[in-house]
Amino acid sequence: NNNDQHCDYCNKYLVTEIIQSGTCGENLTWVLSFEGKLTISGTGPMPDAKLSWSKDGYLTDSTAPWFWLEFHTVIIDEGITAVGANSFFGTDGLETVQLPKTLTTIGESAFEGCIDLRSVNLPEKLYEISYYAFRGCESLAGLPLALPEGLGIIRDGAFYCCMGIKSVQFPASLRHLGFSAFAETGLMQIHIPATLTTVQDGAFCSCPDLEAITVAQDNPNYSSDDQGVLYNKDQTILKQVPGCFYGELTIPDLQKMGLE
């Protein structure tokens, strides 16, 4: 049995009871163990899941085969390259996610609304975190943000309403930060490196503990002042005032900002 666990001490295999198992797309299988671990194995990307909603806006079903099952841990094995959209949308009780080194993409809303999620690793080959991937993961605090080198894109709302996130370090590879990507998080300080050339509106809005935003001097598109306020490069457009800013805000001549 591929799901048995070997005991080195007694040199015997211990049978892990399987509650349920099945397939999920081409070349992929899944197994749910008695101990509450869902393991997905195979090669290639996981398929997207389709959600069903009631007329009054309640989630009623999903094509993800584990949607109605209970588990606290997800292990995605090596060889899998993408977590499909909506794969674990709204999974109550999910606390830990283990992602493989082969992963390059986390799909749209893949873990959205997983309010108990506390820990997930972001592997080095990860390139894109898609729209709302972790939105509403309010317990998420152990994420290694330093984000992995090689990450290029964080889409709109990816970490929206993740108040457990207190700090983030953007890698030199990151080029795009979407609308509301880190809105309503617990961020306290933000530094935008020279290579991060697209920061969409509201990326850090409604962050009540945010004290300052700083920008590398050689960033071609953005700048900041000594009050920690974010502007475009020539400071003709005000982009973001830190959430916990208190006092009198000194800004450039309003006529230079296109305000007559």
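Linking ILVMFWY residues whenever their side-chain heavy atoms come closer than 4.5 Å, directly or via other members, leaves L117 and Y131 in distinct clusters. If you chain together hydrophobic residues whose side chains sit under 4.5 Å apart, V97 and Y132 never meet in one group.
A donor-acceptor contact shorter than 3.5 Å is absent between the side chain of D116 and the backbone of D92. With T102 contributing its side chain and G79 its backbone, the two residues share a donor-acceptor pair below 3.5 Å. One N or O on the side chain of H72 and one on the backbone of E35 form a donor-acceptor pair closer than 3.5 Å. In this structure a side-chain-to-backbone donor-acceptor pair under 3.5 Å is missing from S139 to R118. The main-chain N or O of L187 is never found under 3.5 Å from a side-chain atom of D209 such that the two would form a donor-acceptor pair. Judged purely by atom type and a 3.5 angstrom limit, T105 has no side-chain atom pairing as donor or acceptor with the backbone of G107. For the pair Q200 (side chain) and G178 (backbone), a donor-acceptor distance under 3.5 Å is absent. For D156 (side chain) and F179 (main-chain N/O), a donor-acceptor pair under 3.5 Å exists by modelled atom type.
Taking every heavy atom of both residues into account, N232 and S223 meet most closely at O-OG, 2.8 Å. Closest approach of S33 and I19 over heavy atoms only: O-CD1, 3.6 Å. Minimum interatomic distance between G90 and C114 (heavy atoms only, all atoms of both residues): N-SG, 4.3 Å. For the residue pair A216 and A194, the shortest heavy atom distance occurs at CB-N, 3.5 Å. Heavy atoms only, all atoms of each residue included: L151 and Y127 are closest at CD1-O, 3.3 Å. Minimum interatomic distance between I192 and I213 (heavy atoms only, all atoms of both residues): CD1-CG2, 4.0 Å.
L38 is not listed as a side-chain neighbour of I75, based on a closest heavy-atom distance of 4.5 Å or more. Annotation: side chain of P47 is in contact with side chain of L28 (closest heavy-atom distance under 4.5 Å). Side-chain contact between I154 and L174: present, with at least one pair of heavy atoms (C-beta onward) separated by less than 4.5 Å. A heavy-atom distance below 4.5 Å is found between the side chains of L122 and L147. Residues T73 and T96 form a side-chain contact, since some pair of their non-hydrogen atoms from C-beta on lies under 4.5 Å apart. Counting only heavy atoms from C-beta outward, the side chains of F170 and T195 never approach each other to under 4.5 Å. Side-chain contact between L103 and V83 is present, with at least one heavy-atom pair separated by less than 4.5 Å. Side-chain contact between T29 and I40 is absent, with no heavy atoms from C-beta onward closer than 4.5 Å.
When the shell of 6.0 Å around CE of M163 is examined, it contains more than 12 heavy atoms from other residues, nucleotides or ligands. Around atom NZ of K233, more than 12 heavy atoms belonging to other residues, nucleotides or ligands sit under 6.0 Å away. Heavy-atom neighbours of E149 CD from other residues, nucleotides or ligands within 6.0 Å: above the threshold of 12.
In this structure, the side chain to side chain donor-acceptor pair (under 3.5 Å) partners of S54, at least two apart in sequence or on a different chain, are D56. Scored by the ring pair (Phe, Tyr, Trp, His ring centres under 6.0 Å) test, F67 finds no partners at all (sequence neighbours excluded). Every residue two or more places apart in sequence or in another chain was checked for a ring pair (Phe, Tyr, Trp, His ring centres under 6.0 Å) with F204, and none qualifies. Remark: E211 engages Q189 in a side chain to side chain donor-acceptor pair (under 3.5 Å) (not counting sequence neighbours). With sequence neighbours excluded, the residues satisfying side chain to side chain donor-acceptor pair (under 3.5 Å) with E112 are S109, R135. Applying the salt bridge (charged side-chain N to carboxylate O under 4.0 Å, His left out) rule to D201 yields the partners K239; only residues at least two apart in sequence or on another chain are considered. Every residue two or more places apart in sequence or in another chain was checked for a ring pair (Phe, Tyr, Trp, His ring centres under 6.0 Å) with W68, and none qualifies. With sequence neighbours excluded, the residues forming a ring pair (Phe, Tyr, Trp, His ring centres under 6.0 Å) with F88 are W66, F111, listed by chain and number. The side chain to side chain contact (heavy atoms under 4.5 Å, CB included) test applied to S224 returns T214, V215, not counting sequence neighbours. Applying the salt bridge (charged side-chain N to carboxylate O under 4.0 Å, His left out) test to E95 and every residue at least two apart in sequence or in another chain returns nothing.
In this structure, CD1 in I76 is found 14.0 Å from CH2 in W30, a value given to the nearest 0.5 Å. Distance OG1/T198 to CZ/R175: 10.0 Å, rounded to 0.5 Å. Going from atom OG1 of T185 over to atom CG of L140 covers 11.0 Å, rounded to the nearest 0.5 Å. Note that CG of L230 is 9.5 Å distant from CD of Q235, once rounded to the nearest 0.5 Å. The distance from atom CG of L126 to atom CG of L99, rounded to the nearest 0.5 Å, is 8.0 Å. Residue M46 holds its CE atom at 14.5 Å from CD of E26, rounded to the nearest 0.5 Å.
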Apply side-chain hydrogen bond (donor to acceptor under 3.5 Å, both in side chains) to E184 and Y160, showing your working.
-> CA-CA 6 Å; E184 296 192 31; Y160 179 85; 2.9 Å; yes
Verdict with supporting geometry, S167 and M188, side chain to side chain contact (heavy atoms under 4.5 Å, CB included) | CA-CA 6 Å; S167 64; M188 302 174 70; over 6 Å; no
Report the C-alpha distance between F134 and V120 in whole Å, list the side-chain angles of each, state the deciding distance to 0.1 Å, and finish with yes or no for side chain to side chain contact (heavy atoms under 4.5 Å, CB included).
-> CA-CA 10 Å; F134 294 98; V120 57; 4.0 Å; yes
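Salt-bridge formation is detected for the pair E128/R155: a Lys NZ or Arg NE/NH1/NH2 atom is positioned less than 4.0 Å from an Asp or Glu carboxylate oxygen.
Ring geometry for W53 versus F89: interplanar angle over 60°, hence perpendicular rather than tilted (30 to 60°).
The side chain to side chain donor-acceptor pair (under 3.5 Å) analysis of residues 76-87, with sequence neighbours excluded, yields the pairs S41-D77. Within the structure, salt bridge (charged side-chain N to carboxylate O under 4.0 Å, His left out) pairs that include any residue of residues 39-50 do not occur (at least two apart or interchain).
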